[in-house]
Protein chains: 2
Amino acid sequence: MTPLLTAQARLERYIERQGLKQTRQRSVILEAFLAAGSHLSVEEVLRAVQAVQPAIGAATVYRTLKLFVEAGLAHERNFGDGQARYEAAHDDEHHDHLICTDCHTIFEFEEPEIERRQAEVADKHGIRLRSHRHEIYGECVERERCPRWPRS
Amino acid sequence: MTPLLTAQARLERYIERQGLKQTRQRSVILEAFLAAGSHLSVEEVLRAVQAVQPAIGAATVYRTLKLFVEAGLAHERNFGDGQARYEAAHDDEHHDHLICTDCHTIFEFEEPEIERRQAEVADKHGIRLRSHRHEIYGECVERERCPRWPRS
DNA sequence: ATGAATGCAAATAGTTTGCACCTAA
DNA sequence: TTAGGTGCAAACTATTTGCATTCAT
């Protein structure tokens, strides 16, 4: 389960291969990003980053998160609330999402049969499958267990 | 296959029930929206509308498309290009989307087994399924058939 | 008459970009 | 030394909102 290379090492490798430069900001942002949780908005990452290095600006965080995606270290998600969310990539693992529209809890799921049918569909339409997005929206059945259901 | 009520009639019924008002704009926008195609951006709808009634403003189109969604006449889609797209609702029909990332062609698909598994997943997590989004991205296998593959 | 709808312009939110300065290689 | 990176502020894009005016009921 332990990756062959740490995320920091994978970032370094990518940066080197692309002829880019290693910077303090990039490593700080990666560390904060990995530590802060999952499905984070840019704003959330920015907050975590600035807790450590207040001088790091929002533009850098935007640029760096995109770099992480290119480097295969993160995935960008869009759950329809108008802001991008980022999630650390765990190699070889794939999952889709289930979102409670009341409390915004995000569950992850994996359903090989769905993946298989999906591949068939792409095939049938003459499309080379590159990626997909599959999200299920609903509400927690037991509201008592749902931490943030609407108050009113 | 012919709906029991025309879209215009369904809109009128919704407007009446909600105590809203019938306006020339709403009926013009609905007509243009239905005639102009599918998976249209607001800008595209606006163009179609203004071809008929140049005085109708963008804000009205935004507001009216949301009204159509509330009335069950349209679906809002988000294919990750940062702008909402609208599609006429055909009652009782449901489909998901397959998008060519080169030519932006949008195919529709329906896969009951996927729907079924999806319902199971929601169940398993204690979520009452309300809606979902399932999109498959890839490129046309035969570029010659793909009307807009990148030139460079 | 009166409350809703419209059209405009201004405001917003998230994100991107231009540019002068900084820094890793 | 010198390309690439950073931080700030300004620009951008899609969308929403405030408000005076118009219109359906």
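What you see below is based on every heavy atom in this structure, not just the backbone, and it leaves out hydrogens, waters and symmetry mates. In the text below, chain A, chain B and the rest are named by the order of the sequence lines, each starting its count at 1.
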Trainee: Can you tell me the distance, in whole Å, between the CD atom of A/Q25 and the C1' atom of D/dC8?
Mentor: 14 Å

Trainee: With a 4.0 Å cutoff (strictly under), does any side-chain N or O of A/R26 reach OP1 or OP2 of D/dG5?
Mentor: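 Checking A/R26 against D/dG5: at least one side-chain N or O falls below 4.0 Å of OP1 or OP2.
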
Trainee: For A/A58, report the nucleic acid contact type (base, sugar-phosphate, nothing); a contact means any heavy atom under 4.0 Å.
Mentor: nothing

Trainee: What is the separation between atom CD1 on A/I29 and atom P on D/dG5, rounded to the nearest whole Å?
Mentor: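 Value for this atom pair: 12 Å.
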
Trainee: I'd like the 5' and 3' limits of the part of DNA chain C contacted by chain A, with heavy-atom contacts below 4.0 Å.
Mentor: C/dG14 to C/dA25

Trainee: With a cut-off of less than 4.0 Å, is there a side-chain N or O of B/S41 near OP1 or OP2 of D/dA14?
Mentor: no

Trainee: When the distance from CZ of B/R24 to P of D/dA24 is rounded to whole Å, what number comes out?
Mentor: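 Distance check: B/R24 CZ to D/dA24 P gives 8 Å.
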
Trainee: If you look at every strand shown and take non-hydrogen atoms under 4.0 Å, does A/A55 touch a base, only sugar-phosphate, or nothing?
Mentor: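 The residue A/A55 makes sugar-phosphate contact but no base contact.
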
Trainee: Check the distance between D/dG5's C1' and A/L11's CG and give it to me in whole angstrom.
Mentor: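 Distance, rounded to whole Å: 13 Å.
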
Trainee: In whole Å, what is the span from the CZ atom of B/R85 to the P atom of D/dA14?
Mentor: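 After rounding, the gap between these two atoms is 10 Å.
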
Trainee: For a quick test of reading the model: is some side-chain N or O of A/T23 closer than 4.0 Å to OP1 or OP2 of D/dG5?
Mentor: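 The answer is no; no side-chain N or O of A/T23 sits under 4.0 Å from OP1 or OP2.
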
Trainee: Just the rounded figure in Å: distance from P of D/dT15 to CG of B/L67.
Mentor: 17 Å

Trainee: Relative to the 5' end of DNA chain D, which residue comes earlier, B/Q22 or B/E43, by the nucleotide with the nearest heavy atom?
Mentor: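 Of the two residues, B/E43 wins.
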
Trainee: Is the ring pair A/H132/A/H94 parallel, tilted or perpendicular, if the boundaries are 30 and 60 degrees?
Mentor: perpendicular

Trainee: Select from B/Q83 and B/R63 the residue whose nearest nucleotide in DNA chain D is closer to the 5' end of that strand.
Mentor: B/Q83

Trainee: Can you classify the ring geometry of A/H39 versus A/F79 as parallel (below 30°), tilted (30 to 60°) or perpendicular (above 60°)?
Mentor: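 Rings of A/H39 and A/F79: tilted, 30 to 60°.
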
Trainee: Taking the nucleotide of DNA chain C with the nearest heavy atom to each, does A/L20 or B/A59 sit closer to the 5' end?
Mentor: B/A59

Trainee: Would you say the side chain of B/N78 lies within less than 4.5 Å of the side chain of A/N78, judging by non-hydrogen atoms?
Mentor: no

Trainee: May I ask you to decide if the ring planes of B/H125 and A/F107 are parallel, tilted or perpendicular, using 30° and 60° as cut-offs?
Mentor: tilted

Trainee: Does OP1 or OP2 of D/dT15 have a side-chain N or O of B/Y62 closer than 4.0 Å?
Mentor: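 For B/Y62, the contact criterion (side-chain N or O under 4.0 Å from OP1 or OP2 of D/dT15) is met.
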
Trainee: State whether B/E139 and A/R130 are salt-bridged, where the test is any N-O pair (Lys NZ or Arg NE/NH1/NH2 against Asp/Glu carboxylate O) under 4.0 Å.
Mentor: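 Salt bridge present between B/E139 and A/R130.
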
Trainee: Let me confirm one number: the CZ-CG distance from B/R117 to B/D123, rounded to the nearest 0.5 Å.
Mentor: 14.0 Å

Trainee: For the pair made of CG in B/L46 and C1' in D/dT13, what is the distance, rounded to whole Å?
Mentor: 15 Å

Trainee: Take B/R47 and B/E44 through the salt bridge (Lys or Arg N to Asp or Glu O under 4.0 Å) test and state the conclusion after the steps.
Mentor: CA-CA 5 Å; B/R47 261 203 294 279; B/E44 288 167 333; 5.0 Å; no

